Each structure stands twice: as structure tokens, then as C-alpha cells.
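Predicted, not measured: the structure shown is a model, and the values here were computed from it. All values below come from the heavy atoms of this structure, side chains included, with hydrogens, waters and symmetry mates left out.
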Amino acid sequence: MTLLSPAKLWLLLVVVALAIGYVWLQKQRRKRAVRHPDVRLVAAVSGKRASWRRHLVAGALGFAIIALIVGLARPAQSEQVPREEAVVMLAIDESGSMLANDIQPSRLEAAVAQAKRFIENAPANYKIGLVGFDDSGHTLAPPTTDHQSVIDALGRLQRGHGTAAGEGLYTALDDIKAATQDNAITSDRPYSAVVLLADGANTIGRPLTDAAQAAADQKVPVFTIAYGTPDGTVEVNGQSVAVPSDPQSMADVAQATGGQTFTAESGDELASVYSEIGTTIGHITVQKEFVVACALVALVAMIVALGGSMMWNPRLV
């Protein structure tokens, strides 16, 4: 629970002042009663129940004012609700190091399998696209609600040379811009994000840091996955070459763009990562306000105060 306008609570000082004034008036009332020449007559007229009735009416009125002030402070509670629409680009490394088999059956095959599951579990109205990158970035499927076409495009990921992660991210950003250009006119652009999976550092093309800045400028968060184990190797011309993942580069991109970074050293870990990313992208945090509830409480308290005053303090006209 939180207050969206806590500064309004200073108005409670008014309630404190009213309470102090009420207590002071009650003391003055008792002093005047004691000075009356016939104390028994005062007691007979006032009655024992008159005191608590008067206090109940005043207390109900004070409670109503407090409820109204709390309502002005806008009490609210965070709540997760499903996001109605989104544009999500998957950018997947297809460099030669993705053939390493430290993740069975290979890094690339495991990445394709889990990306397929991610797409299958995505809401039907989400636009999803696919970018592959090796020595350049290339769109395999533009953002679309035809998720089967994106799944089919996963089969076109194949071994290349180099890791142009920066180019892959630039390509994904271009695809998002093209998919949302109609919404840019009305300033009602749907939530957009990139899921970037790479198993190594950027080795060719424009720097990944520049691409991350472009994503930040475009207000597109990038969820990064540093993929592979530190001991991964591939065979190049008959020699074993180490291809460790690069978590730091991925973390820098996520931090610069307001996304999140993850590591995956197995197919199961990658499945968990995709599931967490799907939950994050698929929901939005909203503030559920309780202003109306406070107003209803204040209304009931006012009715009690008014009803008590009418029943217990009648006036002859």
C-alpha cells in the first residue's frame, strides 16, 4: 500500500485542531454547569446519555473528515495486470560459436527450441519478430501476430561467421520502428522490447554500446541473455577454440536500456529465462486506487453523524 499524493496528509492538522477545540469546549461546558446554582437541575436536564451521544456525533464527523483527507492522499496498491499489446523482437546469435555443444544438442538448437516455446506461450495479439545476426543483422520475420510464421523462421537460423550483436540490435530496432510508425503519429505506441541472445562479445560491425544507446533513445528496453558456459569450445580447422559467453557486455546493454540481464548455461536455464522474460513483458504494474472506498467510508460516517444529531438533538420550530 502506498500514497500517490502524501503531501495532502498535512490537512490532518485541521482535524487535530478541531479535536483540541472540541475538548476545550467540553471543559468550558462542565465549568459553566458547575457554576449553575442548581447542580441537580443541570444533571437532570443533561442526562448521562447526552454526553456519549454528543461524543459519538462529533467522533463520526471527525472520522468522516479523516477518511476524506486520506482519500485526497490517494491510497493505492500495486497490481499486476496482463499487457494488452506489445511488439517483441527476438535477436538471436547465429555465429559459428553457436555450434558449441556445451549445451546439448548444441547452443543453436537449444536456443531455437526455447525461442519456439517462448513464441508459443506469447499472447496471440502480441507482434513478434525475429532477427538473426552473424557478421551482420538480418530480419528473418518482421513483427507479426502470425506467430507460426516466426516459428517457421527459426528454422532459417544457420551458422555464420562473426558476432555482430550491435548490428543485430540495430536491425531489431529498425523493425520495431517500422511496426509502430503508425502509432507514433498518435503517441499511442505499444510497448516494445528486444530479447537479445548472444554467446560472445561483439566482434564485427557497429559497437554494441552504440546500439544500446540507440535503444535507450528509442525507449526500447533490451532483455539480454548471456548464453553458454565458460568452457564452451568449437572446432576450427581441426583445432579446439574456446568460446566463452560474455555476461558483462550483455549486462551493460540491459542496464543502458532499462531492461534486465540473464545468463543461461543449459537448456533448462534458458527455458526459465524465457519464462521470466515472458512474465515481465506480458504484465504491467498499475496502481489500484482506493479513493472511492475512502469516499464511501466518509459518506457512511457523515450519515451516522447527521442521523445521530437529528435523533438526539431535536429542535422545536
Side-chain angles (χ1 to χ4, degrees), residues 1-27 51-88 121-126 180 183-184 186-193 215-216 218-223 254-262 272-273 275-313:
M1 182 73 69
T2 186
L3 297 175
L4 302 181
S5 301
K8 298 293 195 309
L9 291 180
W10 72 266
L11 291 171
L12 290 174
L13 294 175
V14 176
V15 180
V16 174
L18 290 174
I20 293 173
Y22 180 78
V23 172
W24 181 82
L25 287 175
Q26 297 310 304
K27 290 183 178 180
S51 177
W52 70 262
R53 287 173 175 174
R54 186 168 57 251
H55 296 334
L56 178 61
V57 171
L61 184 58
F63 187 78
I65 296 174
I66 291 173
L68 287 174
I69 293 173
V70 172
L72 287 174
R74 298 174 62 194
Q77 185 174 13
S78 297
E79 186 175 278
Q80 293 283 333
V81 298
R83 195 185 300 276
E84 293 183 359
E85 59 178 336
V87 178
V88 182
N121 292 333
N125 55 333
Y126 281 20
T180 58
N183 302 90
T186 61
S187 300
D188 189 25
R189 196 186 75 173
Y191 175 84
S192 304
Q218 199 169 317
K219 294 182 173 54
V220 175
V222 181
F223 296 83
Q255 183 177 8
T257 62
Q260 297 178 18
T261 189
F262 304 89
S272 297
V273 167
S275 177
E276 187 171 348
I277 292 174
T279 300
T280 302
I281 292 176
H283 292 81
I284 184 173
T285 301
V286 298
Q287 297 293 340
K288 180 181 179 181
E289 295 192 38
F290 298 97
V291 176
V292 174
C294 291
L296 290 175
V297 170
L299 178 62
V300 171
M302 286 183 178
I303 291 174
V304 171
L306 180 61
S309 179
M310 294 174 62
M311 288 190 301
W312 298 328
N313 298 288

Original post:
Could you state the interatomic distance from CD1 (I69) to CG (L12), rounded to the nearest 0.5 Å?
Top reply: 4.5 Å
Original post:
Hey, does the side chain of R83 reach the backbone of I281 with a donor-acceptor pair shorter than 3.5 angstrom?
Top reply: yes
Original post:
Closest approach of A256 and A216, non-hydrogen atoms and distance?
Top reply: O-CB, 3.4 Å
Subject >> Atom CZ of F63 with >12 non-hydrogen neighbours under 6.0 angstrom >> reply: no
Original post:
Backbone N or O of V222 within a donor-acceptor pair of the T257 side chain at under 3.5 Å?
Top reply: yes
Original post:
Going from CG on L4 to CZ on F290, what distance comes out if it is rounded to the nearest 0.5 angstrom?
Top reply: 10.5 Å
Original post:
CG/L299 to CG/L68 distance, rounded to the nearest 0.5 angstrom?
Top reply: 9.0 Å
Original post:
How long is the gap from SG on C294 to CD on E289, to the nearest 0.5 Å?
Top reply: 10.0 Å
Original post:
Which pair of non-hydrogen atoms, one from L3 and one from P75, has the smallest distance, and what is that distance?
Top reply: CD2-CA, 3.6 Å
Original post:
If you measure only the distance, is there a donor-acceptor pair under 3.5 Å linking the side chains of T285 and E79?
Top reply: no
**OP:** Please report the closest heavy-atom contact between G71 and V291, naming both atoms and the distance.
**Re:** O-CG2, 3.6 Å
**OP:** Taking the side chain as every heavy atom from C-beta outward, state whether T280 and F223 have any pair of such atoms under 4.5 Å apart.
**Re:** yes
Subject >> Spatial distance of atom CZ (F262) from atom CD1 (I277) [nearest 0.5 Å] >> reply: 4.5 Å
Original post:
Which distance, rounded to the nearest 0.5 Å, do you find between the CD of Q218 and the OG of S192?
Top reply: 7.5 Å
Original post:
Out of V23, V16, L18, which residue meets the side chain to side chain contact (heavy atoms under 4.5 Å, CB included) rule with I20?
Top reply: V16
**OP:** Could you walk me through whether Q287 and S78 pass the side chain to side chain donor-acceptor pair (under 3.5 Å) test, one step at a time?
**Re:** CA-CA 5 Å; Q287 297 293 340; S78 297; 3.1 Å; yes
**OP:** Return the minimal non-hydrogen interatomic distance between G282 and Y126, and the atom names on each side.
**Re:** CA-OH, 3.4 Å
